[in-house]
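Note sheet for the following structure.
Letters go in sequence order (proteins before strands), and every chain restarts at 1.
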Amino acid sequence: MGKSYDVAIAGGGIVGAACAEECAAAGLSVVVVEPGPVGGGATAAGMGHIVVMDDSPAQIALTNYSRTLWMARAHEFPADVEYVSAGTLWVAADAEEMAEVERKRAVYEAIGVRAEVLGPRELAEAEPNLRPSLAGALRVPDDAVVYPPCAARYMLQRALERGAVVRAGESAAQLSGAGIKLRDGSFVPAGIVVNATGAWAPSLTPGIEVRKRKGHLVITDRYPGFVHHQLVELGYLKSAHSMTADSVAFNVQPRKTGQLLIGSSRQFGAEHGEIDANMLTRMLRRAQEYMPALAALTAIRSWTGFRAATPDKLPLIGPCPQDPRLYLATGHEGLGITTSLATAKLVADQLLHRTPAIPVEPYLPGRKQAEHD
Amino acid sequence: MINPIDLSVNGVPIAVPAGTMVSTAVALAGVTRFRRSVTGEARAPLCGMGICFECRVSINGREHCRSCQVPCENGMEVAADA
Ligand SMILES: Cc1cc2nc3c(=O)[nH]c(=O)nc-3n(C[C@H](O)[C@H](O)[C@H](O)COP(=O)(O)OP(=O)(O)OC[C@H]3O[C@@H](n4cnc5c(N)ncnc54)[C@H](O)[C@@H]3O)c2cc1C
Ligand code: FES
C-alpha cells in the first residue's frame, strides 16, 4: 500500500483541478488521478463563459458566488487563460422576451449583480452584426470568458506548487471513502476521496443521478471585432430547461484571438462523441437567424462534449450519504467552468468544517431532487 | 501576355495570365507575408493544394480565403498582410 493522502481526487478536469488547488492551499496533502490530458474532458469542449444564471435561487447563489471568485482572481491568471470580461448580452427577440429582460434585471439587481437594459437601437450599436429589429437585451458587464483547459492546468499547477501529486495516465477503477483503486490494481489510500469525473462519475459511483448531455460547438477563423460580447438568446432558457427534447439555441462568443465560438446544442441519449450533422445544421441555422453575417465566415473546426446533467439542474457537491468520506463534485451541466471555483470552496469548507460563504444544502448529494422543467 | 487578367494586390495593380491562382499573383506582386499567425509570425503558402490554410488572404473584402485555390479574376481586390 502506498502513501496515504488527506484527499484523493479522481478526475483532472476544471472541477478536480480547482478542488486540488483549494485543498492544497488549505495545507492538505492531495493526489489527483487523471487518465488523459488535464482538462481534456468536458473542460476542453466547453465555451468558457463565466456567467450568472438565475434558473433557481440555488443556481443564482452558486454562479454569483463563483463569478465573484473568478473576478477577484482575474489579475493573477497567465495570458493563456484568456480571461476577458466582455460581458453577456441576453438578446430579446420580441416584446415577450423584453418582459423577461426586465424581470431578469430586477433579480440581478436584488443580488447586487450589475445589469442594464438595452433598447433596440443600443443593441444594434453594441452588436452591429446582429439582425436588425431585435427587441433589446440585458447587458451583464461583469460576466467573462476563459479558455478552460488552460485555466484547469493553471489551477493544477498551483496545487503542485503546494505539494500536490498528479498520477497522470492512470485511471480510477473503484472509489470508496478509504481511497482509490487504480486500473492497474494498486490502491491509493486517502482520508477523503472526491469523485470529480464529470459525466463519467456514475461509472465510479453507481446510482447517482447524473446523465450525459451532449453538446456541439463550432469555432471560426479569426474575425476580430465581429462580436464584442458573449451573446445568448433569451430563449436559451427554454432550450436549456427541456429535460426531454433535443434543442439548439443562439450562443456566440468572441475568443481573445478574434475567433468566434458558435453554440449551442443539447441532447440526451446520445452516448457517442461524433458530430451529428443534423444537430450541427440546426445549431448553425439558429445562429444565422440571429446573425445572418455569420454565413460568410469560415468555420475551422467543430466538436462535441458531454455535460453532466442532474434532474434539478444543480451540481452534486459534498459527501455521499452512504459513505461520508466519499465526496462528489460533479453534475455541473453547462456551468462547470463558472462554478468550478465555488465548488472547490464548498468541498474544502465541508471537509475542513469551515463556515461556507453560501449554504451547501441545495447541492448535497443526499438531497431530494425535484425534477424540474 | 494572352488574355491578361487585371487585379490589385494591396492596392497595387498587377496583370497576370488567365488561369493564374491568387497565391501566384500575390507572390508576383512581391509580397512574402501573406498573413500573420495568431502570435504575429509571418505566413505564406505551404501546400499549394488547399489543405494547410497558410496562404489565406482577403479577396474582395472577404477574409481568410485560401489564395492557392482561387483563380484570379478581372477587378479582384486582394489584400495580403504585407
Ligand atoms: C458544448 C459545451 C459548452 C459548455 N459551455 C460552458 C460555458 O460556456 N460555461 C460553463 O461554465 N460551462 C460550460 N460547459 C460545461 C463545462 O464544460 C463542464 O461543466 C465542466 O468542464 C465540467 O468539468 P469537470 O471537471 O467536472 O469535468 P471534465 O472536464 O469532463 O473532467 C472529468 C475528468 O475525469 C476524467 N476521468 C474520467 N474517468 C476517470 C476515471 N475512471 N478515473 C480518473 N479520471 C477519470 C476525465 O479524463 C476528465 O478529464 C459546457 C459544456 C459543453 C459540453
Ligand atoms: S497553400 Fe496550403 S492551403 Fe493554400
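For the atom pair B:F53 CZ and A:I300 CD1, the distance stands at 8.0 Å (nearest 0.5 Å). Here the straight-line distance linking atom CZ of B:R62 with atom CG of A:L297 works out to 8.0 Å at 0.5 Å rounding.
For CD of B:E77, the number of neighbouring non-hydrogen atoms (other residues, nucleotides, ligands) closer than 6.0 Å is 12 at most. Within a 6.0 Å sphere centred on CG of B:N74, heavy atoms belonging to other residues, nucleotides or ligands number more than 12. In this structure, A:R131 places its CZ atom where more than 12 heavy-atom neighbours from other residues, nucleotides or ligands lie under 6.0 Å away.
For a residue to count as touching a neighbouring chain, one of its non-hydrogen atoms must lie under 4.5 Å from one of that chain's; by this rule B:R35 touches chain A with the side chain only.
Remark: side-chain polar atoms of B:H64 are not paired, donor with acceptor, to backbone N or O of A:T298 under 3.5 angstrom.
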Margin query: With side-chain contact (heavy atoms from CB on, under 4.5 Å) as the criterion, how do B:V38 and A:R222 come out once you've worked through the C-alpha distance, each side chain's angles and the decisive distance to 0.1 Å?
Written below: CA-CA 9 Å; B:V38 73; A:R222 285 177 272 144; 4.1 Å; yes
